[in-house]
Amino acid sequence: MDDVDGVTRLHLLAVPLALALLFFAASLTPSLVPRSAIFQGVLGGLVGAIGYVIGRILAALWHFLGLPQAEGRSLAFMRFGVLAVPAGLAIWCLALVTPWQDSVRAAVGMEPVTAGHPVVIVVLAVIVFLVLLLLGRAVARLFRWLRRRFFPFMPRRVANGAAALLAALLVLIVTRDGMIDTLFGAADSSYATAAGFFEADLPAPSDPLVPGGPGSLLDWGALGAQGRQFVTRGPTQEEIAAFLGRPAKRPLRIYAGLETAPSAEARAALALAELERVGGFERANLVVTMPTGTGWLDEGSHAPLEYLAEGDVATVVVQYSYLTSPLTLIFETQRGLEQSDALTQAVLDRWRAMDPATRPRLFLHGLSLGAWASMYSVDLLDMVSDPVDGALWAGPPFPSELWRRAVARRDAGSPYVLPVIADGRTARFTNQLVVPGTEGWGAMRIVWLQYASDGVVFFEPASTWRRPVWMAEPPAHDVSPELRWMPVVTLFQLALDMAIATSVPDGYGHNYIARDYIPAWQALLDPAGWTEEDVLRLQRKCTLGLGMGCDPRPE
């Protein structure tokens, strides 16, 4: 190899390693959710590898364009300068990573990190970086092997382009359309099988008002574990009456599992028929709820709703997947949207055929992916003449179009994480501290419940190249004041925040709890006879555990 090639090789090592160190240092800065040493190490190794790849591309481009190359002592000085600054910055950030993470943990009520945090981060980051480097070299070998096969048949540059395109296509097929699709298809199938076994010892109900019981149109086994739990949990008529000190009605819960019927429309039709059978349209309140990806429903939302409605409520749900919400969002995007559209439209058609003076109030509800699917079913033009009474959407995922449009229309001066829209006449936002209130509503009431520390809500794809709007505002009470935007790196930090959004204590991140659902439901229902003390009693009665709902024990 001649001198110029040797110089080039040194360039290709210095610049990528410098960027890898810079990206690693930036990854140590805090974001929305506390990161354990393991997650931080994996993140650091990943973004370090991305910085290395960017550096390789820049160095190769420099060489391709024939720009000047350093030689001799200049090269040695350049290598020292290029690597010394990022290395020093990485060491400085490692020294600060513990107080940075403690600032995030303090914002969400967690204990400080343990000793040895930085050491674990460095070890894991190096391991992840080297593994990714080896995988990258394997892809590079594939590219070189392919282009050698093309050289006899086409010009060199065309062969390079064709080999790069074919190598990228092969990697995509193996990962996205081959390995990943196969794995998640198998996962969905295994979850479906498991759903038939979990809670299998729970006997079919003898109550005809419970789905799967005598006279039910829904098979008990086809409800799945999540459905069986949902329809058999919740406060009883007697418990609600005891809490209120006056008579109450019995809440109705209808749940059609994914195995109930082969299509979204058929499942919606069965759920509607079951709702009719048990007298759901005779209740004062009717709630169409979309579950999360696994079919799970937060008891912390539904139990308080049934207390506030004094039992005079029917809730109808249809399952659309067995995968967790993040996996469903990526790999089964249309399933939830199609099911929500089918169920909502079926209920809407039946509801609108009733006398407006006697029909129940109709509300839409969903948490996380369920909120996204529920919002998708809302046709604003269709709502103009005969709107539903309201909606409560908690933890709306960032792609939710209706949510994004609402936030974009916020009143001047209102924060991105807690907007005010048209003085709150139609839509209001709430969190752990803000109560939406019951006064000043228009014909339709929409409440979004969202925590500022929830990466599922505030992930921003454009953070690769620009600072998210909410990062330019004063941090919310549950967000570290040390949070800063970093090009490229912030994207991966927020992606990790989204992936581990439930790893924080209840009432933060993506862990929505009964205490905060209660004021939201009160704003929608505006229940007669409920005093502020009654609401406080209900909040005290409800536990703080995600999904634990309300404590059924007597006060």
Side-chain angles (χ1 to χ4, degrees), residues 13-56 82-137 326 453 455 458-459 463-464 471 475 478-505 508-510:
L13 287 174
V15 175
L17 288 175
L19 279 180
L21 288 168
L22 284 174
F23 275 47
F24 169 73
S27 75
L28 299 174
T29 60
S31 53
L32 293 178
V33 176
R35 297 189 291 268
S36 67
I38 293 175
F39 280 123
Q40 181 62 71
V42 172
L43 175 66
L46 173 62
V47 299
I50 291 171
Y52 183 84
V53 170
I54 294 174
R56 289 295 298 261
V82 166
L83 291 174
V85 174
L89 182 62
I91 294 172
W92 181 70
C93 288
L94 277 170
L96 291 176
V97 69
T98 295
W100 278 340
Q101 283 303 306
D102 285 346
S103 73
V104 186
R105 297 170 79 88
V108 297
M110 293 178 68
E111 294 295 322
V113 299
T114 57
H117 191 76
V119 176
V120 177
I121 290 172
V122 172
V123 172
L124 279 175
V126 170
I127 293 173
V128 171
F129 177 82
L130 292 176
V131 169
L132 293 175
L133 185 63
L134 291 174
L135 289 175
R137 289 187 173 179
S453 52
F458 295 108
F459 175 77
S463 62
T464 304
M471 280 194 180
D478 53 345
V479 174
S480 168
E482 301 296 330
L483 188 147
R484 299 290 185 273
W485 174 70
M486 305 284 180
V488 181
V489 174
T490 293
L491 174 74
F492 290 91
Q493 289 179 318
L494 294 179
L496 181 58
D497 288 340
M498 181 168 56
I500 61 174
T502 58
S503 66
V504 293
Y508 298 100
H510 204 53

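Atoms considered below: every heavy atom in the structure, side chains included; atoms not considered: hydrogens, waters and symmetry mates.
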J.: Using 0.5 Å steps for rounding, measure from the CG atom of Leu496 to the CG atom of Leu32.
T.: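 Output value for this atom pair is 10.5 Å.
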J.: Please report the closest heavy-atom contact between Pro99 and Ala95, naming both atoms and the distance.
T.: CD-O, 4.0 Å
J.: Closest heavy-atom contact between Leu132 and Ala49?
T.: CD1-CB, 3.7 Å
J.: Could you list the residues that satisfy side chain to side chain contact (heavy atoms under 4.5 Å, CB included) with Ser463, not counting sequence neighbours?
T.: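 Testing Ser463 for side chain to side chain contact (heavy atoms under 4.5 Å, CB included), a comparison that skips the adjacent residues, returns Glu460, Pro468, Trp485, Thr490, Leu491, Leu494.
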J.: Nearest 0.5 Å, please: how far is CZ in Phe39 from CG in Leu124?
T.: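 One finds 11.0 Å between CG of Leu124 and CZ of Phe39.
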J.: A quick test of your reading: do over 12 heavy atoms of other residues, nucleotides or ligands sit less than 6.0 Å from CD1 of Ile38?
T.: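 Check fails, neighbour count at 12 or below.
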J.: For the residue pair Gly55 and Pro16, what are the closest heavy atoms and their distance?
T.: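 Gly55 and Pro16 have their closest heavy atoms at C-CG, 3.6 Å.
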J.: If every non-hydrogen atom of Val47 is compared with every non-hydrogen atom of Phe492, which pair is closest and at what distance?
T.: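 Looks like CG1-CB, 3.7 Å.
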J.: Run the numbers on His510 and Val33 for side chain to side chain contact (heavy atoms under 4.5 Å, CB included), then give the verdict.
T.: CA-CA 10 Å; His510 204 53; Val33 176; over 6 Å; no
J.: Supply the atom-to-atom distance Ser27 OG to Gln40 CD, rounded to the nearest 0.5 angstrom.
T.: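 These two atoms lie 5.0 Å from each other.
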J.: When you compare the side chain of Trp100 with that of Val113, does any pair of heavy atoms fall below 4.5 Å?
T.: no
J.: To check you understand the geometry: which heavy-atom pair defines the closest contact between Ser480 and Ser103, and what is its length?
T.: OG-OG, 2.7 Å
J.: Grab the two heavy atoms, one from Ser453 and one from Gly509, that are nearest each other, plus how far apart they are.
T.: OG-N, 2.9 Å
J.: Under a 4.5 Å cut-off applied to non-hydrogen side-chain atoms, are Phe24 and Ile121 in contact?
T.: yes
J.: What I'd like to find out is whether the side chain of Pro34 reaches to under 4.5 Å of the side chain of Val108, using heavy atoms alone.
T.: yes
J.: Would you list the pairs meeting ring-ring contact (aromatic ring centres under 6.0 Å, His included) in which at least one residue belongs to residues 106-132, sequence neighbours left out?
T.: Tyr52-Phe129
J.: Measuring from atom CG of Leu28 to atom CG of Leu96, what distance do you get when rounded to the nearest 0.5 angstrom?
T.: 9.5 Å
J.: Measuring from Glu482:CD to Asp102:CG, what's the distance to the nearest 0.5 Å?
T.: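 The CG atom of Asp102 is 11.0 Å from CD of Glu482, to the nearest 0.5 Å.
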J.: List the residues meeting side chain to side chain contact (heavy atoms under 4.5 Å, CB included) with Leu22, not counting sequence neighbours, and say none if there are none.
T.: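 Side chain to side chain contact (heavy atoms under 4.5 Å, CB included) check on Leu22 returns Leu19, Pro86, Leu89.
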J.: Under 4.5 Å between any side-chain heavy atoms of Val104 and Arg35, yes or no?
T.: no
J.: If you round to the nearest 0.5 Å, how far is CD of Gln101 from CE of Met110?
T.: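 Atom-to-atom, Met110:CE and Gln101:CD are 9.5 Å apart.
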J.: Are Pro112 and Arg105 packed together at the side-chain level, in the sense that at least one heavy-atom pair is separated by less than 4.5 angstrom?
T.: no
